[in-house]
There are 2 protein chains.
Amino acid sequence: MKVENIQSLKKILSDKGYKLTKARENTFSALLSPEPQSMATLIEKSQNKVDRVTMYRNIDLFEKLGIVNRIYVGWKYKLELSDNFMDHHHHLSCLSCGKVIDIEDEQHINEFIKSVTDKFSFTPRHHQFEIDGFCIVCSASKKK
Amino acid sequence: MKVENIQSLKKILSDKGYKLTKARENTFSALLSPEPQSMATLIEKSQNKVDRVTMYRNIDLFEKLGIVNRIYVGWKYKLELSDNFMDHHHHLSCLSCGKVIDIEDEQHINEFIKSVTDKFSFTPRHHQFEIDGFCIVCSASKKK
DNA sequence: CCCCTTATTGCAACAAAGTTGCAATAAAAA
DNA sequence: TTTTTATTGCAACTTTGTTGCAATAAGGGG
Ligand SMILES: [Mn+2]
Ligand SMILES: [Mn+2]
Ligand SMILES: [Zn+2]
Ligand SMILES: [Zn+2]
């Protein structure tokens with residue numbers, strides 16, 4: 001669900017009976033970023049514009065409406081605008097040094113997603129594939 | 001890292017200079033379950049045997065030692081003994097009703113994991129593949 | 001088996017994260 | 001403009017996770 005501007009945001013909201021408010025405009029503004037952001041960051045960026053509680057409520061709503069994705073990075077989740085139908089979050093994550101390697105292979109994954117979602121008549125919105133283990137460097141030095 | 005019994009737990013711990021304590025035995029007992037469990041569940045199962053704080057500390061330790069995996073289910077993480085070299089955690093998770101559907105297809109996934117980890121000389125310990133979206137029921141009934 | 005050293009525990013106190021009820025307010029519709 | 005209804009902010013609360021520290025218990029050596 002791509003949101004181009006405030007107008008398209010308003011349409012998405014009103015189509016479902018929700019109102020476009022100042023708080024929601026500000027929530028959307030805070031989400032504009034090249035990187036996924038933590039809830040704490042969004043709250044801080046909007047301080048004295050959007051109340052904490054309202055931020056939680058609107059992020060929940062936006063996620064339900066498909067405007068944002070919640071992804072896991074390390075041990076916590078972050079939020080991002082779901083600009084593309086399906087962003088790719090596939091990575092190898094080293095449990096020792098924390099290094100994250102991105103996997104490029106869209107081919108296999110997209111085929112797999114289609115076959116499995118079709119089977120269950122599931123409407124996919126977002127996915128994430130993570131392999132935890134040890135990178136080549138940390139595998140070599142096996143201590144601790 | 002498979003832990004067969006208390007003896008093997010003691011070995012894993014002492015090899016790294018950690019002690020086997022009553023609290024750690026009870027932590028291990030609480031982890032015995034066919035399902036991944038939340039931190040809250042583990043704490044409750046061990047109430048008046050292991051202090052909350054100690055539970056957090058020992059779960060952290062166990063994860064570092066490879067005894068437990070932390071996986072994400074819906075919006076939160078759960079913990080499980082890493083009995084098998086690589087447990088399968090592939091699921092479809094409904095953003096609306098929270099229902100989780102397990103994906104059985106090991107074939108494609110294992111092939112994919114092997115190809116990608118080989119490519120980067122990465123030593124996998126655990127993986128997780130999650131597709132968020134809407135189940136057949138919630139897809140049908142649109143709003144809210 | 002006892003002593004000694006050191007890791008580990010429990011507790012209290014705190015910090016961070018997320019939730020709920022409700023009266024006041026601001027959208028949107030009429 | 002008036003009416004209707006969703007939304008907000010606030011206060012209070014619950015849940016989750018962290019830190020410092022004195023008391024305790026595990027394990028090794030004698
Ligand atoms: Mn992808
Ligand atoms: Mn599974
Ligand atoms: Zn590494
Ligand atoms: Zn559902």
Side-chain angles (χ1 to χ4, degrees), chain A residues 6-30 36-65 67-68 70-79 144, chain B residues 6-30 36-65 67-68 70-79 95 98 142-144:
Chain A
I6 299 296
Q7 296 314 316
S8 58
L9 176 59
K10 173 157 187 173
K11 177 158 183 358
I12 293 171
L13 290 169
S14 58
D15 280 356
K16 301 278 183 174
Y18 298 106
K19 295 173 178 174
L20 175 64
T21 64
K22 274 277 168 284
R24 282 173 187 162
E25 287 185 29
N26 286 319
T27 297
F28 178 72
S29 301
Q37 299 168 95
S38 67
M39 205 62 192
T41 299
L42 294 176
I43 290 170
E44 191 181 8
K45 283 172 75 173
S46 314
Q47 67 185 357
N48 65 43
K49 274 181 288 192
V50 183
D51 186 84
R52 266 169 42 77
V53 178
T54 300
M55 182 61 81
Y56 278 108
R57 292 196 270 228
N58 284 337
I59 288 294
D60 283 352
L61 177 64
F62 282 13
E63 189 182 27
K64 202 157 61 181
L65 294 175
I67 296 169
V68 307
R70 184 178 308 232
I71 62 166
Y72 291 100
V73 181
W75 283 10
K76 13 192 358 194
Y77 70 80
K78 297 201 170 182
L79 302 152
K144 187 57 188 287
Chain B
I6 299 297
Q7 295 315 314
S8 58
L9 175 60
K10 173 157 189 174
K11 178 160 184 357
I12 294 170
L13 289 169
S14 58
D15 280 356
K16 301 279 181 174
Y18 298 105
K19 295 173 177 175
L20 174 63
T21 64
K22 272 279 168 282
R24 283 175 185 159
E25 287 185 29
N26 286 320
T27 298
F28 178 72
S29 300
Q37 301 167 95
S38 68
M39 205 60 190
T41 299
L42 293 176
I43 290 169
E44 191 181 9
K45 283 173 74 174
S46 315
Q47 66 184 358
N48 66 45
K49 274 181 289 191
V50 184
D51 185 83
R52 267 169 41 77
V53 178
T54 300
M55 182 62 81
Y56 278 107
R57 293 196 269 227
N58 284 338
I59 289 295
D60 283 351
L61 176 64
F62 282 13
E63 189 182 25
K64 200 159 61 184
L65 295 175
I67 296 170
V68 305
R70 184 178 308 233
I71 63 166
Y72 292 100
V73 180
W75 284 12
K76 31 199 327 203
Y77 70 79
K78 297 200 171 183
L79 303 152
L95 291 167
K142 36 191 65 175
K143 181 191 164 175
K144 196 80 184 244

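Lettering follows sequence order; numbering is per chain, from 1. Values below: every heavy atom of this structure, side chains too, minus hydrogens, waters and symmetry copies.
- Remark: P of C:dA28 and NZ of A:Lys16 are 18 Å apart, rounded to the nearest angstrom.
- Contact detail for B:Val53 and B:Asp51: the closest heavy-atom pair is N-OD2, 2.9 Å.
- Rounding to the nearest 0.5 Å gives a distance of 10.0 Å between NZ of A:Lys76 and OH of B:Tyr72.
- Rounding to whole angstrom units, CG of residue A:Leu13 and C1' of C:dA27 are separated by 12 Å.
- Going from atom NZ of A:Lys78 over to atom C1' of C:dA17 covers 16 Å, rounded to whole Å.
- Scanning for salt bridge (charged side-chain N to carboxylate O under 4.0 Å, His left out) contacts around A:Lys11 gives A:Asp15, with sequence neighbours left out.
- Looking at A:Lys10, its side chain never comes within 3.5 Å of a backbone N or O of A:Leu20 through a donor-acceptor pair.
- With A:Gln37 as reference, A:Lys45 is the one residue of A:Glu44, A:Lys78, A:Lys45 to meet the side-chain hydrogen bond (donor to acceptor under 3.5 Å, both in side chains) rule.
- Side-chain N or O atoms of B:Ser46 include none that pairs as donor or acceptor with a backbone N or O of B:Lys49 at under 3.5 Å.
- Computed from coordinates, the A:Lys19 NZ to C:dA29 C1' distance equals 9 Å when rounded to whole Å.
- Here the closest heavy-atom approach between residue A:Ile71 and residue A:Pro36 is recorded as CD1-CG, 3.7 Å.
- When heavy atoms are screened at a 4.0 angstrom cut-off, B:Arg24 is found touching the sugar-phosphate backbone but no base atom.
- Where B:Leu20 and A:Thr21 each meet DNA chain C at their nearest nucleotide, the meeting point lying more 5' is that of B:Leu20.
- With hydrogens and angles ignored, the 3.5 Å screen pairs a side-chain donor or acceptor of A:Arg24 with a backbone N or O of A:Lys19.
- Residues of residues 47-56 of chain A having a heavy atom closer than 4.0 Å to DNA chain C, listed by number: A:Arg52, A:Val53, A:Tyr56.
- First and last contacts of DNA chain D with chain B, using any nucleotide atom under 4.0 Å from a protein heavy atom and ordered 5' to 3', fall at D:dT16 to D:dG27.
- In this structure, B:Lys64 places its NZ atom 13 Å from C1' of C:dA7, rounding to the nearest Å.
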